[in-house]
Protein chains: 2
Amino acid sequence: MINNKDISAEEKILNAARRIFENKGMSGARMQEIADEAKINKSLLHYYYRSKQLLFEAVFKTAFNKLAPQINLVLNSDQSICDKIINFSNNYTSFMLKHPYLPNFILQELNRNPDFVKELISIDNFPNIINFKIQIEKAVSEEKIRPIEAEQLFINILALNIFPFIGAPLLKGFINASDKEYKKILNKRKTEVAEFIIKSIKL
Amino acid sequence: MINNKDISAEEKILNAARRIFENKGMSGARMQEIADEAKINKSLLHYYYRSKQLLFEAVFKTAFNKLAPQINLVLNSDQSICDKIINFSNNYTSFMLKHPYLPNFILQELNRNPDFVKELISIDNFPNIINFKIQIEKAVSEEKIRPIEAEQLFINILALNIFPFIGAPLLKGFINASDKEYKKILNKRKTEVAEFIIKSIKL
DNA sequence: ATATTTGTTGACCATTTGGTTAAACTTTTT
DNA sequence: AAAAAGTTTAACCAAATGGTCAACAAATAT
């Protein structure tokens, strides 16, 4: 049980804003709704964050900073390719099962405002493919994996891990699964995805 | 003059609404903006579609009806599994390169309003996995492909094909690609994705 | 030709929305 | 204990927004 009085207003606002923004997006969210969710007066939102835009950016960057390190584990750790794929698929899916709205939220807003990426790139530890590319090219030339471009493999890894969360409502419909059944399917993917990728790139 | 006006106002509105909704979503779109885009008076929007909600639903269902048949080609055609994967990956990516907005638009609104799926399910030809599942189970038992659940394979096929469009802004940043370079990468995926999948499921 | 239906517009309206302000209350500093 | 600084609230406000309406125009029927 979380005691609300132990959490500062500023933090309560950020949490409430996260829930509302994740659910409704920047344009769909209402400042009054966020205030209600945080159980504080609307003026406090502006006292701490000045404007809706700044509050949104605070939420967005917090969310993005949860995602980036996981991507970096694939791109910039010194694990073997197989270990990267196995660990990322397992860790990412586990994490996202707890925050299922996160990928959708981030991609939604980036699609709406592509220039926002440029701002993100300038921050520290923005994931970059360069080291991963070297690793893949080396593995290919050493015939440890079949020939494949690092970019394509990287897109595949992210696609297989992230899409099941973004596409959840549609996929549930297509495969006729209840929430519970779909969650079970996602859980299986913790190992299934890695197996699928490795089977494809091994020689 | 008579022939020049062969695009009815109703159609102009739908096209304009599509462009605006695609870009800004339901809550971000403004009726005035749609009217401006269609170069007609705002009252006409209400004359033809009564409300923003109904205009949105008209646009959404039009968009969804472009997507559904392609999914059905995977789920309910009588091609072999390999042909399905090859054809779908090629056709879908080709189609989406012309309509890159579509998957993001649809998934965004379904995530925002998951109950909307229930409405869609009731329409004709809503994609359903059942036939595909039979096909996969048969292929597995005949040892034509390695053991894999139809649901997982289906999610993988969609993920690999759809995600590169939804995740474009982020992926462009990660792999450091210009719009032109990214488009090139997407073009390669027309065959790359099928190869990736087939390599993974063959025995 | 005229009446009637259909299509189109500008002016207007009620409500919502992000944001401001001044005052009150609380905590910290002096 | 007084002053200062920080926090919280209710009351407002201007702009934006979805939507209505009456008038006008164009097409169609009589």
Side-chain angles (χ1 to χ4, degrees), chain A residues 2-63 105 108-109 112-113 115-116 119, chain B residues 1-63 105 108-109 112-113 115-116:
Chain A
I2 298 165
N3 186 349
N4 271 355
K5 285 177 183 172
D6 290 350
I7 301 174
S8 71
E10 194 168 353
E11 205 171 337
K12 278 200 287 183
I13 290 171
L14 205 67
N15 282 328
R18 179 180 50 76
R19 287 191 291 271
I20 302 295
F21 279 133
E22 278 181 6
N23 211 15
K24 314 214 163 174
M26 165 66 172
S27 56
R30 298 288 159 246
M31 293 298 267
Q32 186 59 60
E33 198 181 0
I34 294 172
D36 293 346
E37 176 83 16
K39 285 168 189 158
I40 47 93
N41 188 282
K42 179 162 71 86
S43 297
L44 259 202
L45 300 183
H46 293 97
Y47 177 74
Y48 282 111
Y49 293 94
R50 291 198 40 186
S51 69
K52 188 185 182 185
Q53 180 64 31
L54 289 174
L55 175 54
F56 171 77
E57 285 174 21
V59 168
F60 186 91
K61 282 171 182 165
T62 304
F105 169 66
Q108 225 46 76
E109 301 300 336
R112 188 133 313 157
N113 186 4
D115 290 343
F116 204 28
E119 270 183 61
Chain B
M1 279 296 275
I2 299 161
N3 281 338
N4 236 354
K5 247 199 165 180
D6 55 356
I7 299 176
S8 69
E10 193 168 354
E11 204 171 337
K12 278 200 289 182
I13 290 171
L14 205 66
N15 283 328
R18 179 180 50 75
R19 287 193 290 272
I20 301 296
F21 279 133
E22 273 160 22
N23 211 13
K24 314 211 164 179
M26 165 66 172
S27 56
R30 299 287 160 247
M31 293 299 267
Q32 186 59 59
E33 198 180 1
I34 294 172
D36 292 347
E37 176 84 14
K39 284 167 188 159
I40 47 95
N41 189 282
K42 179 162 71 88
S43 298
L44 259 202
L45 300 183
H46 292 97
Y47 178 75
Y48 283 110
Y49 294 94
R50 292 201 38 187
S51 70
K52 187 185 182 185
Q53 179 65 28
L54 288 174
L55 174 55
F56 171 77
E57 284 174 22
V59 169
F60 185 92
K61 281 169 184 167
T62 304
F105 170 66
Q108 166 199 349
E109 300 300 338
R112 197 131 305 162
N113 186 4
D115 289 343
F116 205 27

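Quick caveat: nothing in here was measured; it's all calculated off a predicted structure. Naming: A, B, ... by sequence-line order, numbering from 1 per chain.
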*Asks:* List every contact pair, protein side and nucleotides 24-26 of chain D side both N or O, where the distance is under 3.5 Å.
*Replies:*
none

*Asks:* Indicate yes or no: does A:Arg112 engage B:Glu22 in a salt bridge with an N to O separation below 4.0 Å.
*Replies:* no

*Asks:* From CD of B:Glu10 over to P of C:dG7, roughly how many Å is that when rounded to an integer?
*Replies:* 8 Å

*Asks:* Output the rounded distance in Å from CD1 (B:Ile13) to P (C:dG7).
*Replies:* 11 Å

*Asks:* Are B:Glu11 and B:Asn15 linked by a side-chain donor-acceptor pair shorter than 3.5 Å?
*Replies:* no

*Asks:* Hey, could you give me the CG/CZ distance between B:Asn23 and B:Phe105, rounded to the nearest 0.5 Å?
*Replies:* 11.0 Å

*Asks:* So which heavy atom on B:Leu44 is nearest to which on B:Ala9, and how close?
*Replies:* CD1-CB, 4.0 Å

*Asks:* Within the structure shown, what part of the strands sits under 4.0 Å from A:Tyr49 by heavy-atom distance: base, sugar-phosphate, or nothing?
*Replies:* nothing

*Asks:* For the pair A:Lys24 and A:Glu33, find out whether any cationic side-chain nitrogen is under 4.0 Å from an anionic carboxylate oxygen.
*Replies:* yes

*Asks:* Please determine if a side-chain N or O atom of A:Tyr48 lies less than 4.0 Å away from the OP1 or OP2 oxygen of D:dT8.
*Replies:* yes

*Asks:* Does the side chain of B:Glu109 come under 3.5 Å of the side chain of B:Asn113 through a donor N or O and an acceptor N or O?
*Replies:* no

*Asks:* Between atom CG in B:Leu45 and atom P in C:dG10, what is the gap in whole Å?
*Replies:* 13 Å

*Asks:* Looking only at heavy atoms, what is the nearest atom pair of B:Met26 and B:Gln53, with distance?
*Replies:* CE-OE1, 3.2 Å

*Asks:* Where does the angle between the aromatic ring planes of B:Phe21 and B:Phe56 fall among parallel (under 30°), tilted (30 to 60°) and perpendicular (over 60°)?
*Replies:* perpendicular

*Asks:* Taking protein heavy atoms under 4.0 Å as touching, what does nucleotides 9-21 of chain D look like 5' to 3' if B marks base contact, S marks sugar-phosphate-only contact and - marks none?
*Replies:* BBB-----SBBBB

